[in-house]
Student: 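Sharing a structure, written as structure tokens. Questions coming.
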Amino acid sequence: MKIEFLGTGGAMAAPRPLCHCHVCNEAREKGVPYSRSGPSVFIHGPNVLIDTPEDSYMQLNRSSVQKIDGVLYSHWHPDHVMGRRVLETMNADWINYPPNGTTMDVYLPEQVGIDFNTRLGSGEHLSFFESQNYIAIHHLTDGESITQNGVTITPFRLSEDYVYAFLFEGDKRVLIAPDELYGWNPPDLGELDLAVVPSGVFEFNPLTGKRQILEEHPVLSEEATFEQTLEIIGKLNVKQVLFTHIEEPDRLGYDDLVKVEEKLKLEGKNVSFAYDTLLVNV
Ligand SMILES: [Zn+2]
Ligand SMILES: [Zn+2]
């Protein structure tokens, strides 16, 4: 399997329009790896796309993706779905009549399918695509797996139980958790070659130790912190960890994160921060 990070930003990608903080200025000036677009990842081998943030068009155009055999959604949040119209763009045929387009398989884990019916119009929009044969929707019940090109993919719920992570099992075993690790106590997932997890919010600056988020800020009872995320991955039996879903409000630039990575590697942790366009062989 090869993991391609299409976008490694969070709900606030960088540069954020109109923002002139140092992270956004640098991202605007230098681009990748300083800029981070919305959260999405592609897994070569099974050839599946996870989530369609509003940056999906641009991400897929600059990627090495040639063929998509399945699209998976992790949860209903806007930063993970709002680029869904790319499913129409990739599959519709507006030249020939009758049209000779393609149909892409879209897999919705149980709760995601339920939530799409009431959140952000995603269910209605995907049903429209299905009526035009751009996509075929497949509802997965909890516990159900799919197999694509010899790799078995099992979605499972996190502690925030409307959000799914995915276990990929082929020659190698890979965990992809796009978002929302708050309160998660990992089950025994066996030996993992790679885990891709959200970094969590930085309550403290990881280089200076200075508090960045007020103790009483409600985000701390909704989002896992970076420290909590390190505790969670400490419970996994995993060879390598890559952090993604890195939020612009954390105000950490690419160079800062490289320093954090070096510090953690000295502590014996095989962890690193993903950046847009990064391709990892596993
Ligand atoms: Zn998100
Ligand atoms: Zn900014």
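Just follow the structure's listing: the first ligand is 1, and inside any ligand the first atom is 1. No experiment lies behind these values; they were computed from the predicted model shown.
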Student: If the plane angle is over 60° it's perpendicular, under 30° parallel, otherwise tilted; pick one for Tyr134 and Phe129.
Tutor: tilted
Student: Name the orientation class of the two ring planes belonging to Tyr162 and Trp76 (parallel below 30°, tilted from 30 to 60°, perpendicular beyond 60°).
Tutor: tilted
Student: Leaving out waters, which are not shown anyway, how many protein N, O or S atoms lie closer than 2.8 Å to the Zn ion (ligand 1)?
Tutor: 4
Student: Check the side chains of His245 and Asp79 for a donor-acceptor pair under 3.5 angstrom, ignoring hydrogens and angles.
Tutor: yes
Student: Consider side chain to side chain donor-acceptor pair (under 3.5 Å). Of Asp142, Thr154, Asp179, which one does Tyr164 pass it with?
Tutor: Asp142
Student: Are Tyr73 and Phe116 close enough, and set up right, to give a ring-ring contact (aromatic ring centres under 6.0 Å, His included), and what steps lead you there?
Tutor: CA-CA 10 Å; Tyr73 279 98; Phe116 272 19; 5.4 Å; yes
Student: When you check the side-chain N and O atoms of Glu110 and His139, is any donor under 3.5 Å from an acceptor?
Tutor: no
Student: Answer yes if the side chains of Glu144 and Thr141 hold a donor-acceptor pair under 3.5 Å, and no otherwise.
Tutor: yes
Student: Can a side-chain donor-acceptor contact be found between Asp55 and Gln59 if the only test is distance below 3.5 angstrom?
Tutor: no
Student: Hey, which protein N/O/S atoms does the Zn ion (ligand 2) have under 2.8 Å?
Tutor: Cys19 SG, Cys21 SG, Cys24 SG, Glu248 OE2
Student: Using a distance-only test with no angle check, is there a side-chain donor-acceptor pair under 3.5 angstrom linking Asn270 and Lys265?
Tutor: no
